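These figures come from a predicted structure and were not determined experimentally.
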Amino acid sequence: MPIWEVVVSVQFLENIDDLLTRLREVYRELHQQPELSMQEHKTAERIEAELAHLDVEVQRIGGTGVVAILRNGTGPTVLARADTDALPVDEQTGLEYASHIEGAMHACGHDMHITTLLGALELLATNTAAWSGTYIAVFQPGEETAQGAQAMVDDGLVDKIPKPDVALAQHVMSTQAGTIGTSAGPVLSAGDSLKITVYGRGAHGSMPHNSVDPVVLASSIVMRLQTIVSRETRPGQFAVVTVGALNAGSKSNIIADRAELLLNLRTYDTAVRENIMAAIERIVRGECQAAGSPKDPEFAYYDQFPLTDNDPDVNAKVTEAFTEFFGAEAVYETEPYTASEDFSRLPNAFGIPYTFWFVGSVAPEKYRKAVESGTVAQDIPANHSPFFAPEIDPTLEIGVQTQVVAALSYLAKE
């Protein structure tokens, strides 16, 4: 039976207006009370309160992670994930439900992710005649710092829940509301941050001949790092190497004894990623040797995000269901984003396939006008902006529906 017939035949949408009214309030409350990565204590409690009236098994995994298991007979097991943390951003949207917490904001839509997954879970829990199997809703903390998925895995996620057959996740983006972007293969880049410490020999600023100047050394490294993408990566192959910070010294007449560089790397290919890391370390060591550095450089990798690489078969199945339900005009093939996510650590821990898609959140007319005038970058606040503000309607309803439709593409009864 086609997905749209399943949804309509069991009147999934009969009480959707009442559900959406409640979910809008949940969303506003979550938006007003953002919590930073791995500190989502009240958020977890709020999620648990919403789950209390449903016939689901609830447990905490990974500190502030919440997992709800909805069992409904035999059949496939589907895991759906929403992230829950906020960003250290001061909100400037001017919304009546803007953040009440100074220095914290849901500037990437994770509050919308929570709310849509709660809505999907409720619709599935109250329409069990339409499907069979097990639905696992994972509310994951700490996505922004790449800590949360690993924390859940380290806390025994694989042993504490049934093994899923497939994993699903979605993300709101600053694209047109009512549209859904899917793609097979790499859809979000792997991301790595790196702190490099190089050593010199300190001296008086008037006596540079007595020094090994780490500022000059670090500057040479920054310039040479630019050749990794331009000269060591095949043309057309995606890679980013950014030096986000260079810190050394504290006074104009003192030559410091060390410098610190902070780098960020983005790649779509594991081999490219490894080659870039090796090239960085080779260049840094070579420049240190050329400068006569008295001590070997130090490398510390952190905030490391895995590649999000959608399984072609899962993506095709879910995309077909979206197209069937929403119409071909609403579903498009997205280009890969250079942003990064830690979602894939969950399915990777189980060794199962997954797909990750995007849901638009900008009022259609506003987005169309920006496209027509060529001012999308100027007029449409992107994720992580202090002005980022998804349109609650229709984003919330579409987000709930995408979760349900994706799940039913595996769980719906014939």
Side-chain angles (χ1 to χ4, degrees), residues 1-13 16 19-20 23 75-76 78-82 109 112-113 115-124 127 130-131 133 135-137 164-188 308-337 341 343-344 347 352-362 364 367 390-391 393-414:
M1 181 183 293
I3 291 296
W4 70 268
E5 288 186 18
V6 172
V7 173
V8 172
S9 67
V10 297
Q11 299 178 317
F12 260 63
L13 306 182
I16 191 71
L19 174 61
L20 289 175
L23 290 178
V78 173
L79 182 152
R81 173 273 207 172
M112 185 65 74
H113 301 167
T115 311
T116 57
L117 186 54
L118 285 170
L121 190 62
E122 178 155 344
L123 285 175
L124 290 168
N127 291 277
W131 62 279
Y135 187 68
I136 304 172
D165 295 294
V166 66
L168 310 170
Q170 65 183 16
H171 205 297
V172 293
M173 299 296 285
S174 52
T175 50
Q176 182 176 323
T179 64
I180 304 152
T182 68
S183 180
V187 70
L188 290 168
T308 305
D309 190 5
N310 285 345
D311 180 83
D313 293 336
V314 178
N315 177 75
K317 190 177 184 71
V318 170
T319 300
E320 182 181 7
F322 288 160
T323 304
E324 191 177 283
F325 184 80
F326 295 101
E329 69 283 355
V331 184
Y332 65 95
E333 183 174 357
T334 183
E335 292 291 324
Y337 284 90
E341 255 274 2
F343 156 69
S344 63
I352 60 172
Y354 63 86
T355 197
F356 187 104
W357 65 89
F358 304 101
V359 176
S361 66
V362 181
Y367 192 80
E391 291 286 335
D393 298 304
T395 309
L396 179 58
E397 181 174 6
I398 298 277
V400 172
Q401 290 173 333
T402 49
Q403 289 281 25
V404 170
V405 169
L408 287 177
S409 69
Y410 284 89
L411 299 172
K413 289 181 177 178
E414 295 295 331

Looking only at heavy atoms, what is the nearest atom pair of [X] and [Y], with distance?
X	Y	value
V314	P353	CG2-CB, 3.7 Å
Y410	P76	O-CG, 3.3 Å
G178	I398	CA-CD1, 4.2 Å
V318	A406	CG1-CB, 4.0 Å

Atom [atom1] of [X] and atom [atom2] of [Y]: how far apart are they, to the nearest 0.5 Å?
X	Y	atom1	atom2	value
Q401	I180	CD	CD1	8.5 Å
Q403	L118	CD	CG	10.5 Å
E122	I16	CD	CD1	9.0 Å
E329	T323	CD	OG1	9.5 Å
S361	M173	OG	CE	8.5 Å

_side chain to side chain contact (heavy atoms under 4.5 Å, CB included) for T182 and E333? Distances and angles first, verdict last._
CA-CA 5 Å; T182 68; E333 183 174 357; 5.7 Å; no
Side chains of [X] and [Y]: closer than 4.5 Å at any heavy-atom pair?
X	Y	answer
L408	L124	yes
V172	H113	yes
T175	V362	no
V331	T319	yes
Y354	D311	no
L123	V400	yes

*Could you please spell out the steps behind the side chain to side chain contact (heavy atoms under 4.5 Å, CB included) verdict for V78 and I136?*
CA-CA 6 Å; V78 173; I136 304 172; over 6 Å; no
_Going by ring-ring contact (aromatic ring centres under 6.0 Å, His included), name the residues that satisfy it together with F356, two or more places apart in sequence or in a different chain._
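Partners of F356 by the ring-ring contact (aromatic ring centres under 6.0 Å, His included) criterion, ordered by chain and then number, come out as F343, F358.
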*Counterpart residues, ring-ring contact (aromatic ring centres under 6.0 Å, His included), relative to Y367 (two or more places apart)*: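 Y367 satisfies ring-ring contact (aromatic ring centres under 6.0 Å, His included) with no other residue.
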Please table the atom pairs, donor to acceptor, closer than 3.5 Å between any side-chain atom in residues 164-171 and protein atoms at least two apart or in another chain.
unit_1 : atom_1 : unit_2 : atom_2 : d
D165   : OD2    : T77    : N      : 2.8
Q170   : OE1    : W357   : NE1    : 2.9
Q170   : OE1    : T402   : OG1    : 2.5
Q170   : NE2    : T116   : OG1    : 3.3
Q170   : NE2    : G399   : O      : 3.1

*Check for a donor-acceptor pair, side chain of N127 on one end and backbone N or O of A130 on the other, with a separation under 3.5 Å.*
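Side chain of N127 to backbone of A130, a donor-acceptor pair under 3.5 Å: no, none is there.
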_Residues that A184 engages under side chain to side chain contact (heavy atoms under 4.5 Å, CB included), provided they are two or more places apart_ =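 Here the qualifying residues are P312, N315.
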*Can you list the residues that meet the side chain to side chain contact (heavy atoms under 4.5 Å, CB included) rule with E391, with sequence neighbours excluded?*
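With neighbours one apart ignored, the set is A363, T395.
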_Counterpart residues, side chain to side chain donor-acceptor pair (under 3.5 Å), relative to T308 (two or more places apart)_ =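 For T308, no residue satisfies side chain to side chain donor-acceptor pair (under 3.5 Å) once neighbours in sequence are set aside.
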